[in-house]
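Each remark here refers to the structure printed beneath this line.
One-based numbering, in listed order, for ligands and for the atoms of each. All values below come from the heavy atoms of this structure, side chains included, with hydrogens, waters and symmetry mates left out. Source: prediction; values computed, not measured.
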Amino acid sequence: MTQIYNRVALIGLGLIASSMAWGIKRGGLAVEVTGYARSAETRETSRKIGLCDQVFDSAAEAVKDADLVVLCVPVGVMGQVAAEIAPHLKAGATVSDVGSVKRQVIADVAPHLPDSVHFVPAHPLAGTEHSGPTSGFAELFDNRWSLVVPPADADRAAVDRVIAFWKGLGSNVEEMEPDHHDLVLAVTSHTPHLIAYTMVGVADDLRRVSESEVIKYSASGFRDFTRIAASDPTMWRDVFLNNKDATLEILGRFTEELFALQRAIRRGDGDHLHDYFTRTRSIRRGIIEAGQDTDAPDFGRGKAT
Ligand code: NAP
């Protein structure tokens with residue numbers, strides 16, 4: 001048990017915030033956790049399950065006297081929430097976020113924050129397709145990466161405390177530049193989600209099939225796509241609107257590769273296909289060797305993604 005902050009405020013009480021709340025409790029990382037979410041229903045549910053020590057009816061009350069304030073709302077409303085809390089932040093407090101996109105969030109949030117607070121953006125690379133305050137669990141961040149993306153002039157002590165906090169939640173932590181973060185995530189998360197959405201959409205277009213065979217016979221590939229495509233629509237809309245450049249860059253490359261594979265299939269070029277699949281198989285082995293996934297045959301159907 002390592003206390004890092006006195007009071008932590010979580011703004012937005014969905015999957016990530018609720019996992020953080022349970023993780024903070026598990027690790028004894030703060031004396032008190034306060035929370036706020038937009039809807040009365042979410043606040044009520046959070047109170048009922050004892051998610052925070054106190055759930056307030058306004059963001060202003062929730063952040064009062066907090067040493068760490070973490071914005072856990074969809075990327076598209078980060079700026080608006082920052083403007084709402086800014087006048088109520090304690091001098092010396094640290095503001096962070098968990099948004100899946102970094103450059104745009106920093107551009108949206110930073111201008112609202114007073115000089116008396118530190119801004120240390122972060123992004124835990126862990127999630128599930130579920131959302132809301134009841135979907136969280138303390139183990140979500142265990143052994144997963146969390147990226148901390150501080151501005152160049154960030155206060156070192158404030159950054160180190162945020163790093164210690166994410167380590168206390170079970171994560172491995174690395175620092176990264178915002179643009180590099182957005183490109184890496186476009187490759188590893190954002191574009192794969194878009195492909196899953198597309199594939200499930202294609203199957204749905206073949207409606208006659210989707211009502212029977214696709215569901216009945218869905219083998220691991222398609223079933224994994226449907227799980228990813230069940231992710232929160234608001235969150236993912238905001239990710240693509242706010243990581244436009246990197247996603248379009250990766251999608252362009254993806255389309256080129258897809259056309260090359262399409263041509264190989266048309267021409268019956270088995271060598272091309274075999275070489276390609278051999279290369280991708282070794283990438284999978286690398287991920288397992290790096291400890292980022294297990295070799296279990298139920299890959300993709302556990303809790304964490
Ligand atoms: P979630 O489960 O859908 O929860 C979002 C929360 O934000 C809800 O409590 C919602 O309140 C609240 N909210 C929305 N608009 C708000 C506003 N204007 N003011 C105050 N609260 C507002 O989402 P999540 O999965 O935890 O995602 C939260 C953030 O984490 C996003 O930025 C996302 O990009 C990032 N992230 C997600 C994952 C993932 O896999 N899910 C992984 C890493 C990072 P109501 O319930 O009242 O609507």
**OP:** Would you mind running through ligand 1 and noting each atom that sits below 4.0 Å from a heavy atom of Val98?
**Re:** 29 (C), 30 (O), 35 (C), 36 (N), 44 (C)
Original post:
Under 6.0 Å from the CZ atom of Arg281, do we count more than 12 heavy atoms belonging to anything else shown?
Top reply: no
Original post:
Is Asn172 reaching over with its side chain to a backbone N or O of Trp145, donor-acceptor style, under 3.5 angstrom?
Top reply: no
Subject >> Spacing of Ile250 atom CD1 and Thr255 atom OG1 [to the nearest 0.5 Å] >> reply: 11.0 Å
**OP:** Using distance alone, determine whether Ser39 and ligand 1 share an N or O pair under 3.5 Å.
**Re:** yes
**OP:** Give me the one residue out of Asp97, Asp179, Asp182 that meets side chain to side chain donor-acceptor pair (under 3.5 Å) with Lys102.
**Re:** Asp97
**OP:** Give the atoms of ligand 1, by number and element, whose distance to some non-hydrogen atom of Ala126 is under 4.0 Å.
**Re:** 42 (C), 43 (C)
**OP:** For Gly99, take its heavy atoms, then give the atoms of ligand 1 lying under 4.0 Å from any of them.
**Re:** 32 (O)
Subject >> Arg38-ligand 1 polar pair, N/O distance under 3.5 Å >> reply: yes
Original post:
Which ligand 1 atoms are under 4.0 Å away from a heavy-atom of Val75?
Top reply: 32 (O), 34 (O)
**OP:** Enumerate the atoms of ligand 1 whose separation from the nearest heavy atom of Met78 is less than 4.0 angstrom.
**Re:** 32 (O)
Subject >> Any N or O of Gly12 closer than 3.5 Å to N or O of ligand 1 >> reply: no
Subject >> Shortest reach to atom 38 (C) of ligand 1 by a heavy atom, considering only Gln80, Glu84, His193, Met235 >> reply: Met235
Original post:
Okay, side chain of Thr191, backbone of Ala186: is any donor-acceptor separation there less than 3.5 Å?
Top reply: yes
Original post:
Is the closest basic N to carboxylate O distance between Glu44 and Arg47 below 4.0 Å?
Top reply: yes
Original post:
If you measure from each non-hydrogen atom of Thr42 to ligand 1, which part falls under 4.0 Å: side chain, backbone, both or neither?
Top reply: side chain
Subject >> Residue portion contacting ligand 1 (non-hydrogen atoms closer than 4.0 Å) for Val81 >> reply: side chain
Original post:
Can you tell me if Asp108 uses its side chain to pair, donor with acceptor, with the backbone of Gly79 under 3.5 Å?
Top reply: no
Original post:
Which atoms of ligand 1 have any heavy atom of Gly14 under 4.0 Å away?
Top reply: 1 (P), 2 (O), 4 (O), 6 (C), 9 (O), 26 (O)
Subject >> Residue pair Glu32 / Gln54, side-chain donor-acceptor N/O under 3.5 Å >> reply: yes
Subject >> Neighbour count above 12 (heavy atom, 6.0 Å) for Lys90 NZ >> reply: yes
**OP:** Between Gly127, Ser131, Pro124, flag the one that comes closest to atom 43 (C) of ligand 1 by a heavy atom.
**Re:** Pro124
Subject >> Cys72 and ligand 1 - part of the residue with a heavy-atom distance under 4.0 Å >> reply: backbone
**OP:** Please could you name the atoms of ligand 1 that Gly132 approaches to less than 4.0 Å, counting only its heavy atoms?
**Re:** 2 (O)
Original post:
Quick one: NE2 on His272 to CD1 on Ile265, what's the gap to the nearest 0.5 Å?
Top reply: 9.0 Å
